[in-house]
Amino acid sequence: MNDYYAVLGVSRDASQEEIKKAYRRLARKLHPDVNPGPEAEEEFKRVSQAYDVLSDPHKRRSFDLGADPFATGGAGFGAGPGFSFSDVMDAFFGAGATAGTRGPRPRVQRGQDALVRLDIDLAKAVFGSEEELTLDTAIGCSRCGGDGAEPGTGRQTCPICQGRGEVQQVQRSFLGQVMTSRPCVNCQGYGSTLTDPCHDCSGEGRVRTRRSLKLKIPAGVDTGTRIQLTGEGEVGPGNGPKGDLYVEIRVTNHETYTRRGDDLHCTVELPMAAAALGTTLKLSTFDGMQDLEVKPGTQSGDVFTLRGLGVTHLRHGGRGDLLVHATVVTPTRLTDEQEDLLRQFAALRGEERPEGRLTPNKGLFGKIRDAFKEK
């Protein structure tokens, strides 16, 4: 039995990538078109057989244990190296029965979908915006037009599979002799090989590059919203159709406003006198400066609602509200004159020595009942 590691010139602990590179190097060197002659053809077959074994984990394990990777006689169902349920299906229904297709696979395939993440600030989520995205992606190769072959060259029928894209093997099993079909390792299942791969894309028909595109972000998006751009993903192998591009939005935190659903919340600090007497404040919002009417006797925790100044509803028209939470600030440093005036005020209200009063926890329904009583 051949030493397949020696045939490919790799160590016994070589990775799959190292095995693939060694095979490609030898295949180019020994290919019948490059090196004609019976000796080179035989060597080419030995290299292809070695790669067929070492690229298959089951066959490689069998070979490492000293067994024939192509022999499965005496093994239990599905237990022998190189023997699987698909082999049984092939035996009863013909080669390729489990794969669903037969013959060479197409070189042109759809590209993968791509996902990018985009950070935007809260103002852009409220009103929407237009952003420019820079993407590293695959596009069709301009040198070969996506064909994969160097201009002026072409393809030739694979000499191993004769253009079928698959090779057949006869294996022994408890069913007797079983014929199975495997993708051809020489042409990777395409049925043909490139006489001279494109120097820019190495036969892939596509190259990686950086490109920019405009993205319109609708008003009302939130963290986790995904925008689908059909046909803006990667070009497929062989200059195949583009996949889709998904842009996932993340709305960054704002220093003043917090979003809850489509409502915006903020907190305003009120001096004690302004809260007691009432006042009008200028409030900076995403819609510009707005007047906020503070009613007399405002307490900490009171909420003022500015209708229609929240986030735009994503699925339908209209906007949420802006809710302003009041916090009454008690002065901590008083001049002698201010302290004297406050003492006079406390005396007028009989609050020189107020008694602490605990307020019962009435719950939601109790508060609603009291609200109606006040009216």
Side-chain angles (χ1 to χ4, degrees), residues 17 20 99-101 104-151 153-155 165 183 187-192 194 197-254 257 259 261-262 264 286 310-320:
E17 187 64 27
K20 184 182 295 184
T101 59
R105 64 189 181 102
R107 288 184 178 272
V108 178
Q109 301 175 33
R110 182 183 182 274
Q112 291 185 342
D113 295 336
L115 173 66
V116 297
R117 292 177 173 82
L118 178 65
D119 289 350
I120 63 172
D121 58 44
L122 184 57
K124 293 179 179 179
V126 172
F127 299 111
S129 67
E130 185 175 80
E131 302 294 321
E132 182 170 317
L133 295 179
T134 301
L135 307 171
D136 291 320
T137 187
I139 63 172
C141 177
S142 60
R143 181 179 181 88
C144 66
D147 180 67
E150 182 68 13
T153 67
R155 297 188 181 89
C187 65
Q188 307 301 315
Y190 295 123
S192 61
L194 298 170
C198 174
H199 297 170
D200 285 355
C201 67
S202 300
E204 273 283 307
R206 57 180 182 169
V207 294
R208 300 204 69 83
T209 188
R210 177 167 293 183
R211 65 185 179 97
S212 300
L213 60 86
K214 297 288 186 179
L215 171 65
K216 185 176 181 180
I217 299 177
V221 296
D222 201 354
T223 296
T225 300
R226 284 192 177 185
I227 302 173
Q228 180 181 3
L229 301 178
T230 304
E232 292 292 349
E234 293 195 344
V235 167
N239 200 19
K242 294 180 180 179
D244 297 336
L245 173 65
Y246 292 87
V247 181
E248 186 172 275
I249 301 298
R250 187 178 78 92
V251 181
T252 57
N253 294 329
H254 193 272
Y257 292 101
R259 178 175 178 174
D262 286 341
L264 295 176
F286 291 126
V311 180
T312 304
H313 300 310
L314 181 61
R315 303 301 179 187
H316 51 84
R319 296 172 60 182

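What you are looking at is a predicted structure, and each value in this text was computed from that prediction instead of being measured.
Closest approach of Gln109 to Pro106, counting heavy atoms only: NE2-O, 3.5 Å. When all heavy atoms of Arg155 and Ser192 are compared, the pair lying nearest together is CD-OG, 3.3 Å. When all heavy atoms of Cys141 and Asp200 are compared, the closest pair comes out as SG-CB, 4.0 Å. Counting all heavy atoms, side chain and backbone alike, Leu194 lies closest to Ala149 at CD2-CB, 3.9 Å. Considering every non-hydrogen atom in both Val221 and Ile217, the closest pair reads CG2-CG2, 3.7 Å. The heavy-atom pair separating Arg208 from Asp136 by the smallest distance is NH2-O, 3.2 Å.
To the nearest 0.5 Å, atoms CZ (Arg105) and SG (Cys187) are separated by 8.5 Å. In this structure, CZ on Arg211 lies 5.0 Å from CD on Glu232, to the nearest 0.5 angstrom. A distance of 7.5 Å separates CG of Leu135 from OG of Ser212, quoted to the nearest 0.5 Å. Going from atom CD1 of Ile139 over to atom OG1 of Thr137 covers 8.5 Å, rounded to the nearest 0.5 Å. For the atom pair CG of Asn253 and CG of Asp121, the computed distance is 11.5 Å after rounding to the nearest 0.5 Å. Distance check: Arg259 CZ to Thr223 OG1 gives 8.0 Å after rounding to the nearest 0.5 Å.
Salt bridge present: Arg110 and Asp244 bring a charged side-chain N and a carboxylate O closer than 4.0 Å. The pair Glu132-Lys214 meets the salt-bridge criterion, since a charged nitrogen lies less than 4.0 angstrom from a carboxylate oxygen.
In terms of the ring-ring contact (aromatic ring centres under 6.0 Å, His included) criterion, residue partners of Tyr257 (sequence neighbours excluded) are, by chain and number, His254, Phe286.
With a 4.5 Å cut-off on side-chain heavy atoms, Ile120 and Val251 count as touching. Residues Arg206 and Pro237 meet the side-chain proximity criterion, which asks for heavy atoms closer than 4.5 Å. The closest side-chain heavy-atom distance from Glu150 to Cys198 is below 4.5 Å.
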Exercise for the section: Go through the steps to decide whether Asp262 and Thr312 satisfy the test side chain to side chain contact (heavy atoms under 4.5 Å, CB included), and finish with yes or no. Expected result: CA-CA 7 Å; Asp262 286 341; Thr312 304; over 6 Å; no
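Just one of Ile227, Leu215, Leu213 meets the side chain to side chain contact (heavy atoms under 4.5 Å, CB included) condition when paired with Leu245; it is Leu213.
More than 12 heavy-atom neighbours from other residues, nucleotides or ligands sit within 6.0 angstrom of CG on Asp119. Annotation: Gln112, atom CD; neighbour count of heavy atoms from other residues, nucleotides and ligands within 6.0 Å does not exceed 12.
Legend: ring-ring contact (aromatic ring centres under 6.0 Å, His included) pairs involving residues 197-250, not counting sequence neighbours: none detected.
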